[in-house]
6 protein chains.
Amino acid sequence: MGCPITPHVERLVDLAIEEDLGRGDATARAEVIGPVTARADILAKEACVVCGLDLAEYVMTRVDPNIQFDALVPDGNDVQPGTRIASVTGPARGILAAERTALNFLMRLSGIATLTRRYVRLVAATDTKAKVVDTRKTTPAWRLLEKYAVAMGGGLNHRMDLASGVLIKENHIAITGSVKQAVTRARKFATHTVRIEVEVQSIEELKEAIEAGADIVLLDNMTPDQISHAVAEAAGKVIIEASGGIDTTTVAKVAIAGVDYISIGKLTHSAPSVDLSLLIEEAEIPEDMED
Amino acid sequence: MGCPITPHVERLVDLAIEEDLGRGDATARAEVIGPVTARADILAKEACVVCGLDLAEYVMTRVDPNIQFDALVPDGNDVQPGTRIASVTGPARGILAAERTALNFLMRLSGIATLTRRYVRLVAATDTKAKVVDTRKTTPAWRLLEKYAVAMGGGLNHRMDLASGVLIKENHIAITGSVKQAVTRARKFATHTVRIEVEVQSIEELKEAIEAGADIVLLDNMTPDQISHAVAEAAGKVIIEASGGIDTTTVAKVAIAGVDYISIGKLTHSAPSVDLSLLIEEAEIPEDMED
Amino acid sequence: MGCPITPHVERLVDLAIEEDLGRGDATARAEVIGPVTARADILAKEACVVCGLDLAEYVMTRVDPNIQFDALVPDGNDVQPGTRIASVTGPARGILAAERTALNFLMRLSGIATLTRRYVRLVAATDTKAKVVDTRKTTPAWRLLEKYAVAMGGGLNHRMDLASGVLIKENHIAITGSVKQAVTRARKFATHTVRIEVEVQSIEELKEAIEAGADIVLLDNMTPDQISHAVAEAAGKVIIEASGGIDTTTVAKVAIAGVDYISIGKLTHSAPSVDLSLLIEEAEIPEDMED
Amino acid sequence: MGCPITPHVERLVDLAIEEDLGRGDATARAEVIGPVTARADILAKEACVVCGLDLAEYVMTRVDPNIQFDALVPDGNDVQPGTRIASVTGPARGILAAERTALNFLMRLSGIATLTRRYVRLVAATDTKAKVVDTRKTTPAWRLLEKYAVAMGGGLNHRMDLASGVLIKENHIAITGSVKQAVTRARKFATHTVRIEVEVQSIEELKEAIEAGADIVLLDNMTPDQISHAVAEAAGKVIIEASGGIDTTTVAKVAIAGVDYISIGKLTHSAPSVDLSLLIEEAEIPEDMED
Amino acid sequence: MGCPITPHVERLVDLAIEEDLGRGDATARAEVIGPVTARADILAKEACVVCGLDLAEYVMTRVDPNIQFDALVPDGNDVQPGTRIASVTGPARGILAAERTALNFLMRLSGIATLTRRYVRLVAATDTKAKVVDTRKTTPAWRLLEKYAVAMGGGLNHRMDLASGVLIKENHIAITGSVKQAVTRARKFATHTVRIEVEVQSIEELKEAIEAGADIVLLDNMTPDQISHAVAEAAGKVIIEASGGIDTTTVAKVAIAGVDYISIGKLTHSAPSVDLSLLIEEAEIPEDMED
Amino acid sequence: MGCPITPHVERLVDLAIEEDLGRGDATARAEVIGPVTARADILAKEACVVCGLDLAEYVMTRVDPNIQFDALVPDGNDVQPGTRIASVTGPARGILAAERTALNFLMRLSGIATLTRRYVRLVAATDTKAKVVDTRKTTPAWRLLEKYAVAMGGGLNHRMDLASGVLIKENHIAITGSVKQAVTRARKFATHTVRIEVEVQSIEELKEAIEAGADIVLLDNMTPDQISHAVAEAAGKVIIEASGGIDTTTVAKVAIAGVDYISIGKLTHSAPSVDLSLLIEEAEIPEDMED
C-alpha cells in the first residue's frame with residue numbers, strides 16, 4: 001500500500017542524493033539564477049507498469065521541500081507511451097537537481113514491475129494455480145524496494161531475508177550429508193513461525209524431502225517434463241516451487257506442469273529500466289534574472 | 001586500480017548486509033552447528049567480463065573476518081563458462097551468510113562490465129576514434145561502483161556528478177531561452193576547471209553552440225546520417241558526443257559517423273546480471289556435530 | 001555460535017560508546033598519565049548464565065584496539081559467584097574508559113540468559129514437550145542481541161520481526177471481522193515461506209482458527225485449565241502456543257497442560273541485570289608518571 | 001520538559017524501527033487491505049508512573065506521519081490500572097506496524113520511572129535530606145532516555161558521562177596508589193567546571209579523601225551503621241553519597257543514616273517493564289476491501 | 001541561492017548538535033523551568049559579510065521545531081557593527097540550547113565571506129580581469145559550506161573535489177617524470193568533461209605545459225615579476241592561475257601582473273571568525289515558574 | 001595521551017574523505033597507473049606546535065590501509081620551519097588521494113596548538129597562577145579535536161558541552177530575574193557532580209554571585225583594572241575566570257590582575273592554520289607503466 005520508505009530506504013536515498021548533487025549542480029548554478037519557478041511533467045516514453053511514484057516524491061522533496069509532486073497514476077498501473085505519470089512544480093533549481101536521481105529510482109522500479117507483469121500475464125494465460133514469485137537475487141541495498149516493485153507488477157514475494165524462511169540449498173545439503181538429515185535438522189532447530197523449504201535436484205531427493213517432512217520443495221533447474229513428473233510424485237503432499245533458468249519462453253510450460261510457485265531471479269536482477277523523462281513545461285523567470 | 005571502497009560504498013554494503021542477514025540466518029542456524037569449515041568456489045556460469053572481486057572480498061570479510069577470499073582472475077578479464085573466478089575458505093556459516101550478498105554485487109557489476117565490453121568491441125571494430133562512455137543513468141547509490149564496472153569493461157566515464165562538468169540540457173535551455181544564452185552564461189559563471197557541454201537537437205543549435213563557445217556538443221537522439229552531417233558542420237571546432245537510443249545494432253554506425261564519444265545509458269541501467277554461483281567444494285565437519 | 005555483531009549491532013555499540021566517553025574521560029585523564037598497562041578480571045558477583053562475552057570484547061577493542069580480551073568461559077555457561085569470566089589486558093586508560101559500557105552490555109545479556117534458563121529448567125522438570133520461547137517485547141534496538149541471550153539461556157526464538165511470521169492478533173481480528181476471515185485472508189495473501197499463527201481468546205475462536213487452516217494457535221491469557229481444554233480440542237491439528245502473564249509460579253502448569261510453546265515477554269523486558277564487576281589486578285606504572 | 005529527542009535518540013529509534021518492520025509487516029499486509037483508518041487507545045494494565053509519551057509519539061509519526069498521537073496524561077504522572085494514557089488515530093497499517101516499538105519504549109521508560117518513584121517515596125517518608133540519584137549503569141545507547149525516566153520518577157541524575165564529573169573509583173586508586181594521591185591529582189588536572197568525587201571503602205579512606213580536598217565522597221557498599229559513622233566523621237565537610245546493593249528494604253535506613261545522596265543502579269538496569277497495551281477501538285473499513 | 005543543506009551537511013549539523021547538547025543542557029535545566037517563551041536577536045558585533053543564515057535556521061529548528069527564525073539580511077550583505085541580522089522566537093530552552101552551535105556556524109562562515117570580500121575588493125580596485133578563487137584547503141567536512149561562503153563573499157570556486165577537475169601538481173610530476181608527460185597522459189586518460197590544469201615552477205615548465213596542451217596553468221609561489229613574465233610567455237594560449245603565499249599586501253600586484261585567477265588558501269583555512277552574539281530581548285515567563 | 005578517535009571523530013573523518021575523494025581522483029587516475037609505491041615526507045613550512053599526527057595517520061590508513069605512516073615528533077612539540085614531522089610510505093595513489101584531507105586536519109589542529117602555546121607562554125611569563133582555557137566557541141563537529149589541540153598547546157579545557165558544567169550567562173539571568181535567583185536555582189536543581197559558574201558584568205553582580213553560593217565567577221569583558229578590583233572583592237571565596245576580547249596584547253595584564261582562569265575563544269575559532277606540505281621523495285615506478 002504505497003512504496004515503503006523505511007529508515008533503510010531513507011539512507012539509500014541519502015546515498016543517492018549525495019552521489020549526484022552532494023557537491024552542488026555546476027550547470028544549474030550557472031544557468032538558473034534567481035528564484036525561477038517551473039512546472040514539469042514526468043512522461044513515460046514507452047509502455048510500462050509505473051512503480052515508485054511515492055519514492056520519487058520523497059526524493060524530490062528531500063532535495064527541496066518546496067517542490068510539489070503530484071502522481072497522476074497509481075503505482076501498478078499500465079501506461080502507454082507518452083503518458084504523463086506525474087506533475088512537478090516548484091523551484092527550477094531543485095527540480096533540475098533532483099531530476100536524475102528521482103528518474104533513476106522510477107525507471108528501475110518501473111522496469112521490474114513491467115517485467116514482472118509480463119511473466120504474470122504469461123502464467124495467468126495458462127489458467128493454472130501457478131504464481132510468479134521473486135528471489136533474493138535483488139540489487140544489494142534495494143531489496144525492500146525491488147520486492148515492492150514485484151508486488152506492483154502482480155508477483156508475490158518469496159522470503160525477505162535469511163531470517164524469514166528456511167530454504168535448504170545444495171550447499172547446506174553438502175554440509176549435512178543428505179536431504180533427509182537437512183530437513184530433519186530444520187524440523188528440530190528452526191523457529192516454529194517459518195516453513196521449511198528444500199531445494200532438490202531429482203525425484204529421489206524429492207521423495208526424501210517429503211518423507212522428512214519438508215513443507216515446500218524447490219525443483220531446481222528441471223525441465224517442464226521433469227517438473228510434471230515431480231508434481232505427480234508429490235501428489236499434493238508438499239507445496240511445489242520451480243526455479244532456475246526460467247524465462248518468457250518457458251514460464252507457461254512450467255505453470256502447466258503443475259507447480260504452485262515459479263520463482264524467477266530475472267525479475268529483479270536483469271529487468272531493463274523503463275525509459276522515462278522529465279520535461280519542463282513552463283518556467284516563470286523573474287525579469288531581472290542577472291546576466 | 002581496484003574497486004573503490006569508499007565510506008559511501010561501505011555504507012551501501014552495510015545496507016546490503018543488514019537487509020539480508022540482519023536478523024540472522026534461519027537456515028544455517030539449523031543446519032550448520034559447531035565450527036564447520038568449508039572451501040567454496042565462485043564460478044562463472046556464462047561467458048562474461050568479471051568485475052567486483054575486491055568488493056566481494058570486502059563483503060565476505062565484513063560478514064566474517066575469518067573468511068579468506070582469493071580472487072583467481074583480475075577484474076576486467078574475459079572468462080569462459082565454468083571458470084573459477086574466486087576461492088573462498090573459512091567458517092561455513094559466514095560463507096553461507098555472505099554468499100547471496102557477495103554474489104549479487106558481483107553479478108551486477110560483471111553484467112555491466114560485460115555489456116560495456118560488447119559495445120566497446122563493436123566500436124573498436126570500426127577503427128574510428130569513437131569512444132564508449134557512460135551516463136548518470138546509474139542505479140541510485142551505486143554510481144561509483146557502476147562507473148568502475150564500465151571502466152573495467154573498457155568504457156570511459158562521463159562526469160561523475162552534477163558538479164564535475166557543465167552539461168546544458170533541453171530543460172536548461174527552456175529556462176535560459178536559447179542555446180546561445182545558455183552557453184554564454186555557462187562561460188561566464190561556471191567554475192574554470194570544468195568544460196562546457198551542451199545538448200543540441202538540430203544543426204542550427206549545433207552552430208549556435210559552437211559560436212557561443214561550447215567545448216563539447218551532445219547530439220541528442222540523431223540518426224547516423226544526421227550525426228554525419230553534424231560532424232561535418234562542427235569541423236573539429238568542438239568535441240562531438242552522440243547519445244540517445246543507441247544500441248548494439250546502431251553503435252557502429254554512430255562511430256563511423258565520426259563522433260568522438262558515444263554515451264550509452266543502457267550500460268548501467270539495463271545491463272542484465274551475469275550468472276555466477278558459489279559452490280561448497282569441501283567441508284570439514286566436527287565429528288560431534290550435535291543432532 | 002557467537003554473539004551476532006552485525007552492522008546494526010555495531011551502530012548500537014557506537015551509540016553506547018559515544019554516550020559514555022564521547023567527550024573523553026575526565027577522571028582517567030587526571031589519574032592515569034603516561035602509558036600505564038593493566039591487567040583486569042571481569043568477575044561474576046552472583047550465580048548466573050554468562051552471555052555476551054564476544055560483544056564485550058568487541059566493545060573493549062572498539063574503544064582501544066590495543067586491549068587484549070580473553071573470555072574464560074563460553075556464553076551460555078552457568079557460573080558461581082566469584083568466577084572470573086574474562087581477563088582483560090592493555091592500556092589502563094582504554095580499559096577504564098570501556099569498562100562501564102562493556103559491563104552494561106554483559107550484565108543485561110547475562111540477566112536475560114539467566115532468567116531464561118530459570119524458566120527452561122522449570123519446564124524441563126515437567127518432562128513435557130513444551131518449549132520456552134521469547135516475544136517481540138524486547139528493548140528497542142536490542143532485539144538481535146536479546147534473542148541471542150534467550151537462546152544462550154536455552155530458550156527458543158519466536159519470530160524476529162514483523163516479516164518473519166504471520167501472527168494475527170486481537171487488533172487484526174477487530175479489523176477483519178472474525179478469526180475465520182483473518183486466517184482465510186492470511187492463507188491467501190501471505191508469503192508461502194512463513195506459517196500462520198492466530199491469537200485466540202476462547203475455545204470457539206480456537207475451533208474457528210483450526211477450521212480456517214491456521215498453522216499455529218496462540219492461547220492468550222488462559223488459565224492452565226482453559227489451556228488443557230484447548231489442547232484437547234485442538235487434538236494435534238495445530239501447534240499450540242500459550243502466552244500472557246505466565247511467570248515462574250505458573251510456567252510448569254502451563255507446560256503440563258500440554259502446549260507446544262510457552263512465550264514469555266518477561267524474558268527480555270523485565271530480566272534484572274546480573275551483577276558483574278571489573279577489577280584491576282595489576283598495573284604497570286612507568287616510573288616517571290608525572291605528578 | 002519533555003522527553004529529549006536528540007540526533008542520538010533519533011538514531012536509536014531508527015535502529016528500533018528497522019529491526020521490527022524494516023522488511024515490512026507480513027501480517028498487516030495480508031489483513032489490512034485498502035485505506036483502513038483506526039482509533040486506538042494505549043492503556044495502562046497496571047498502576048505505574050507514565051514516561052515516554054513524546055517519544056512514543058515520535059516513534060509512531062516516524063513510522064507514519066499521518067498518525068495523530070494524543071497524550072492523555074503528562075509524563076511523570078501516577079496512573080491506575082485501566083487508565084487510557086494516549087489516543088492514537090490514523091492509518092491502521094501504520095498504527096499496527098508501530099505499535100510494538102512504541103510500546104516497548106514506553107513500557108521500559110515507565111518501568112524505570114515507576115521503580116524510581118517507589119524509592120523516592122521510601123526516602124521521602126524518612127523526612128531526611130537524602131535524595132535518590134541514578135548511576136551510569138544504564139542500558140547501552142539509552143542513557144539520556146533512562147536518565148530522563150529517573151527524573152520523571154522524581155530521582156536526580158548523577159553525571160551523564162565520563163566527562164561530566166570526576167569520580168575516582170577503586171580501579172583508579174589501584175593505579176595512583178592511594179586515595180590521597182588520586183584526589184590530589186584530580187585537583188591538579190581536572191577541568192575546573194566539575195566536582196571531584198571519590199569512592200571510599202573505609203573511614204580511613206574517607207578521612208584521607210576529605211583531607212585531600214574531595215568535594216564528594218561515595219561510600220561504597222557500607223551498612224547503615226557504617227554510613228552513620230562516616231557521616232559523623234565527615235561532619236559536613238564533604239557531600240556524602242552512598243551506593244552499592246541498596247534496595248527497597250534498606251534505602252530508608254541509608255537515608256536516615258544521614259547521607260546527601262543515595263545512588264541506585266537498579267533504577268535503570270533492573271527495573272521491570274510496565275504492562276501497557278494498545279487496543280483498536282474503532283476501525284473505518286472501506287466497503288470494497290478486497291478479499 | 002541559499003546555503004546548501006545536503007544530507008552531508010545535515011550529518012555535520014547532527015555531529016555538532018550531539019557534541020554540544022547530546023547529554024542535555026545542565027544550566028537551562030536548572031534555570032528555565034516550565035514553558036518560557038523568548039524573543040532574541042542575533043547581532044553583529046563587528047562589521048562583516050553575513051553568511052549562513054539558512055544554516056543557522058536549520059540548526060535552530062533541528063534542535064527545536066517550535067523555534068521561529070527570521071533572517072533580517074540576506075547572505076552576502078555587508079553589515080555594520082550592531083546590526084540585527086536575525087530574530088529568533090520560541091521556547092527559551094530550545095533557543096539557549098541551540099545558541100552556541102548556531103552562532104559557531106554563522107561566525108565561521110561569515111568570517112570566510114568577510115575575508116573573501118576583502119580580497120575581492122582589493123582585486124576589483126585593480127580593474128583587471130583577475131578573479132579570486134578558493135582552494136581545497138578547507139576545514140575537513142565543511143567544504144561545501146566554506147565554498148558557499150567564498151561565493152557569498154564574491155569569490156569564485158575552484159574544483160569541489162578530486163573528481164571535478166584535473167590538477168597536476170609537483171607530486172604527480174615527480175611520478176610521471178615531466179610536465180610534458182603528465183599533461184600528455186591527462187589528455188589521454190582524463191574524463192573529457194573536465195579541464196586539465198598543471199602547476200608549474202618555472203617558465204620552462206610553463207612552456208612545456210602549453211606545448212603539451214594544458215588548459216590551465218597554475219603558477220606556484222611566483223613573485224609578481226615572475227608572474228608578469230609568465231603571462232607574457234603564455235600569450236593567451238592557456239588560462240593562468242597564480243597561487244601560493246598571496247596575501248592582502250600582494251594580491252593587487254598579482255592581479256596587475258595579468259593572471260586570470262588568483263587562488264588563496266587563506267580564504268578558508270585561516271579566516272578569523274566574526275564576532276556575533278545572541279541576546280534575549282524578551283521572555284514570557286509563566287507565573288507559576290517553580291522555584 | 002594521543003588524539004581521541006571516537007566514533008564521532010570517525011564520522012567526521014568519513015565526511016571529510018567523502019567530500020574530497022568520494023567520486024575518485026581524476027588526476028591520479030590519469031597520472032598514476034599501475035602499482036606505484038612512494039615515500040613522502042610531511043614538512044612544517046613554518047615554526048609551529050605540531051598536533052594531530054595520530055589523526056593524520058588514521059585518515060591516511062582509512063583511505064588506504066596499505067599506507068605506513070610514521071610520526072617523527074610527538075604531538076605538542078615545537079618544531080622549526082623545514083622539520084620533517086612524519087614520513088609516509090605506500091601506494092602513491094592512496095597517498096595522493098589522502099594528502100589534502102590529512103594535511104587539512106593537521107594544519108588546523110597545529111594552528112590551534114600553536115596559537116594556544118603563544119597565549120600560554122605570555123601568561124607563564126607573568127609568573128602568576130593564571131591558566132589559559134578554551135571555550136565552547138569551537139568549529140561545529142570538531143570540539144573534541146580542537147579541545148585536544150588546546151591541551152597539546154598547553155591550555156586547559158573548559159567544559160566539554162552543555163552537560164559538563166553549569167555556566168549561567170546573561171541570557172539565563174534575563175530569564176530568572178537576577179544573578180542571585182539564578183545561582184540559587186542552580187544550587188537547587190543542578191546535578192551535584194558539576195560546579196556552578198556565573199557570568200557577571202559588575203562588582204555588584206559579583207557580590208551577589210558569591211553570596212548566592214556560586215563556585216566560579218566569570219568576569220565578562222572587563223578591563224584589567226576592573227578585574228583587579230573584582231579579584232580583591234572576591235578575596236578567594238570563588239574561583240575567578242576572565243573572558244571576552246582578550247588577545248595577545250592584553251592577556252598578560254589579565255593574568256597579573258589575579259584571575260585563576262583566562263578563557264579565550266580565539267584559540268579555537270580564529271587560529272590561522274599552520275602551513276604544512278607533503279612532498280614525495282621517492283617513487284618506485286613499475287617499468288611497464290602503461291602510456
Side-chain angles (χ1 to χ4, degrees), chain D residues 1 4 6-8 11 129-136 140-141 143-144 147-148 150-151 154-169 175 186-199 213-218 238-243 259-263, chain F residues 1 4 6-8 11 129-136 140-141 143-144 147-148 150-151 154-169 175 186-199 213-218 238-243 259-263:
Chain D
M1 305 243 27
T6 60
H8 177 108
R11 289 201 281 152
K129 67 182 164 183
K131 296 203 175 71
V132 172
V133 300
D134 54 28
T135 67
R136 280 168 51 246
R143 184 165 297 155
L144 193 68
K147 294 220 160 200
Y148 167 74
V150 166
L156 295 184
N157 296 145
H158 208 291
R159 61 182 178 158
M160 293 304 294
D161 63 6
L162 286 168
S164 46
V166 165
L167 175 38
I168 300 163
K169 307 189 121 191
I175 288 168
R187 279 263 78 100
K188 190 163 165 197
F189 295 114
T191 301
H192 66 293
T193 64
V194 297
R195 283 193 171 138
I196 290 163
E197 176 166 10
V198 61
E199 185 182 291
D215 296 308
I216 314 168
V217 168
L218 176 66
V238 285
I239 298 167
I240 297 283
E241 181 179 330
S243 196
V259 302
D260 299 289
Y261 296 96
I262 306 174
S263 53
Chain F
M1 307 245 29
T6 61
H8 177 107
R11 290 201 280 151
K129 68 183 162 182
K131 296 203 176 71
V132 172
V133 300
D134 53 29
T135 67
R136 280 168 50 247
R143 184 165 298 156
L144 194 68
K147 294 220 162 202
Y148 167 74
V150 166
L156 295 184
N157 296 145
H158 207 290
R159 61 181 177 159
M160 292 305 293
D161 62 8
L162 287 167
S164 45
V166 166
L167 174 40
I168 300 163
K169 306 190 122 190
I175 287 169
R187 279 264 78 100
K188 191 164 166 197
F189 295 114
T191 303
H192 66 293
T193 64
V194 297
R195 283 194 171 139
I196 290 162
E197 176 166 11
V198 60
E199 185 182 293
D215 296 309
I216 314 170
V217 169
L218 176 67
V238 286
I239 297 167
I240 297 283
E241 181 179 330
S243 196
V259 302
D260 298 289
Y261 296 95
I262 305 173
S263 53

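By convention in this document, chain letters (A, B, ...) are assigned in the order of the sequence lines, proteins followed by strands, and residues within each chain are numbered from 1. Computed from heavy atoms alone, side chains included, the values below leave out hydrogens, waters and symmetry copies.
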| Between F:Asp260, F:Leu156, F:Ile216, which has the largest tally of heavy atom pairs under 4.5 Å with chain D? | F:Ile216
| message | Let me confirm one number: the CD1-CZ distance from F:Ile196 to D:Arg195, rounded to the nearest 0.5 Å. | response | 6.0 Å
| message | Ignoring hydrogens, what is the shortest heavy-atom contact between D:Thr191 and F:Asn157? Give both atom names and the distance. | response | CG2-O, 3.1 Å
| query | With F:His158, which residues qualify under ring-ring contact (aromatic ring centres under 6.0 Å, His included), at least two apart? | reply | D:His192
| message | Test your reading of the model: is there a side-chain donor-acceptor pair from D:Thr193 to the backbone of F:Ser164, 3.5 Å cut-off? | response | yes
